[in-house]
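Chain A is the first sequence line, chain B the second, and so forth, proteins listed ahead of strands; every chain is numbered from 1. All values derive from a computational prediction rather than experimental measurement.
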Amino acid sequence: MLELTVTPDLSDSETYERKSAVGIDSDTGDAVVTMVGKAERKMKPDLAGLRRGLREWFARERRELPWRATTDPYAIWISEIMLQQTRVAAVIERYEGFLRRFPTVESLAAAGEAEVLAEWSGLGYYRRARMLHGAARMVCAERGGRVPDGFAALVELPGVGRYTAAAIASIAFGEPVAAVDGNVERVVLRLMGWGSEDAATHRAHLRQAVEMADELLDRAAPGDWNQAMMELGATVCLPRGPRCEVCPWLADCATRGEHPAVKRAAMRTVEMARAWMTRGSRRGEEVMLVERGAAETVMPGMWELPEAPTQQDGEPLLRVRHAIMQVNYRVAVYATDRAPASGCASRWVTLDEAERLPLTGLTRKVMRGMGWLASEKPQAGRSVSRIQAQ
DNA sequence: TAGCCGTGGCT
DNA sequence: TAGCCAAGGCT
């Protein structure tokens, strides 16, 4: 495989050329030339101009988000953990409820893990909640309940990596450190024309992007700047269909959104079935749930509907689509009288109890679809199809 | 370092 | 319908 790559180098030159890669297709043997960037960058970007443009854009377009209305480092920390790999809209639904339940780092540290997981249920990546809980206990035990006020100490907390430490340090404490998340990476890669389908080249570009983000950082207002960069990526410089026509950096952008990227692994589809067992009791209608083992790699200790045979007579009560990582599950939910397989902890729970348990997302989705979980709106999405009423 | 860890809305 | 992928971190 022959590959030539011409990569702009910030330190050596004021001039950028269009990047191109020449290679041999491993299947066909044909020569392949990849051109990157609609427009050639002739000059090093005007950093002061870029800063001014983004500042003005952010002052105009900044969204009102719940965590932008506080200066409490604990609340900002919670928001940043929730926002890891999670959409803003999903976090908005949970952020204030979580803070009502655990308003201070002390209250979070004092809670049991199951309580924290129950409040986190549906947000996904449950290890975040466990690490946040552990970090809160560390902060209380070792720092008198005072949230670390700088990048170096923040990044030592479980669940707080470079991005999150930089975000908290800059937003809550005004420390001039660039917070480089997926949005900022994409914005900088496109701005500079650093795109590649090759994984190694991509990694090199990411390292350059971090340096560039640091160079761009508005040190007079790092918290606002970091949020502005992320906001641009989240609302304008979208992964697909970027809205270049409203971008403050349009004139300076090397690619205008034409951005080759490393391809992801394909998803696979798996059929699965769950049992819906209910009974009436003095306490009201109850449903059977089982607890996942503590040794499970995925969602240990969380509660879900019992498994059921995928091949059954009759129509399921409900069909649900639920993707977990690279697997697309097609789930049929059957009414049944049969007890779940022995060996796992099972329980009849009322609606009220279910809402306080750490339920898996799939189980929440099914219970919503069945009209349970009164605290939530009935599922209206297309991922659930009601076959017949219970 | 690459694989793993969840979920839901959009297209 | 089903793929895409998000304010990442850990091992």
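Nearest heavy-atom pair, A:Arg219 versus A:Pro176, reported as atom, atom and distance to 0.1 Å: NH1-O, 3.6 Å. Across A:Ala354 and A:Met367, no two heavy atoms sit closer than the pair CB-CE, 3.7 Å. A:Leu189 approaches A:Ala209 most closely through the heavy-atom pair CD2-CB, 4.1 Å. The two atoms that bring A:Pro222 and A:Gly174 nearest to each other are CG-O, 3.4 Å, heavy atoms only.
Among the nucleotides B:dT7, C:dA7, B:dG8, the one closest to the side chain of A:Thr360 is B:dT7. Listed nucleotides B:dT7, B:dC5, C:dA7 differ in distance to A:Asn183; the shortest reach to its side chain belongs to C:dA7. Listed nucleotides: B:dT7, B:dC10, C:dG8. Nearest to the side chain of A:Asp181: C:dG8.
The nearest heavy atom of DNA chain C to A:Arg240 and to A:Leu157 marks one nucleotide each, and the one closer to the 5' end goes with A:Arg240. Remark on DNA chain B: of its neighbouring residues A:Ala89 and A:Arg203, the 5'-side contact belongs to A:Arg203, judged by nearest-heavy-atom nucleotide. Residue whose closest nucleotide on DNA chain C sits further toward the 5' end, between A:Val160 and A:Glu231: A:Glu231.
Rounded to whole Å, the separation between the C1' atoms of B:dG8 and C:dC10 comes to 24 Å. To the nearest whole angstrom, the two P atoms, one in C:dA7 and one in B:dT11, are 14 Å apart. As rounded to the nearest Å, B:dT1 and C:dG9 have C1' atoms that lie 14 Å from one another. Comparing the same atom, C1', in C:dA6 and in B:dG6 gives a spacing of 12 Å after rounding to whole Å. Spacing of C1' atoms, B:dC4 relative to C:dC5, comes out at 16 Å, to the nearest Å.
One finds a side-chain N or O of A:Thr297 lying less than 4.0 angstrom from the OP1 or OP2 phosphate oxygen of B:dC5. In this structure, A:Arg321 does not reach the B:dG8 phosphate: none of its side-chain N or O atoms is under 4.0 Å from OP1 or OP2. In this model, the phosphate group of C:dG3 is approached by a side-chain N or O of A:Asn328 to a distance below 4.0 Å at OP1 or OP2. Under 4.0 angstrom from either OP1 or OP2 of C:dA6 there lies at least one side-chain N or O belonging to A:Arg186. A close approach under 4.0 Å does occur between a side-chain nitrogen or oxygen of A:Thr164 and OP1 or OP2 of C:dG9. Contact between the side-chain N/O atoms of A:Gln84 and the OP1/OP2 oxygens of C:dG8 is not found at any separation under 4.0 Å. Listed pair A:His322 / B:dG6 fails the phosphate criterion, with no side-chain N or O lying under 4.0 Å from OP1 or OP2.
As a whole-Å value, the separation of A:Ile168 CD1 from C:dG8 P is 13 Å. Between the CE atom of A:Met82 and the P atom of B:dG8 there is a distance of 14 Å, given to the nearest Å. Distance A:Gln326 CD to C:dG3 P: 10 Å, rounded to the nearest Å. Spacing between atom CD of A:Gln227 and atom C1' of C:dA7 amounts to 9 Å, rounded to whole angstrom units. For the pair A:Tyr329 OH and B:dT7 P, the computed distance is 11 Å after rounding to whole Å. Rounded to an integer number of Å, the gap from CH2 of A:Trp67 to C1' of C:dA7 is 9 Å. For A:Trp77 and C:dG8, the CH2 to P distance is 18 Å, given to the nearest whole Å. At whole-Å resolution of the value, CD in A:Gln85 and C1' in B:dG3 are 14 Å apart.
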Apply salt bridge (charged side-chain N to carboxylate O under 4.0 Å, His left out) to A:Arg62 and A:Glu231, showing your working. CA-CA 7 Å; A:Arg62 120 185 228 140; A:Glu231 191 104 327; over 6 Å; no
Side chain to side chain donor-acceptor pair (under 3.5 Å), that's the test. Do A:Arg292 and A:Thr360 meet it? Break it down for me. CA-CA 10 Å; A:Arg292 297 175 62 85; A:Thr360 67; over 6 Å; no
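In this structure, a donor-acceptor pair under 3.5 Å is present between the side chains of A:Gln227 and A:Arg68. In this model, a donor atom of one side chain and an acceptor atom of the other lie less than 3.5 Å apart for A:Ser121 and A:Arg364.
Contacts between residues 122-140 of chain A and DNA chain B, defined by a heavy-atom separation under 4.0 Å, are made by A:Gly122, A:Leu123, A:Gly124, A:Tyr125, A:Tyr126.
Aromatic ring centroids of A:Phe98 and A:Trp120 lie under 6.0 Å apart.
Among the atoms of the strands shown, only primed sugar atoms or phosphate atoms (P, OP1, OP2) are found under 4.0 Å from some heavy atom of A:Ala234.
Under 3.5 Å, the side chain of A:Arg268 and the base of C:dG3 form no donor-acceptor pair of N or O atoms.
For C:dG3, the paired base is B:dC10 (Watson-Crick or G-U wobble, both distances below 3.5 Å).
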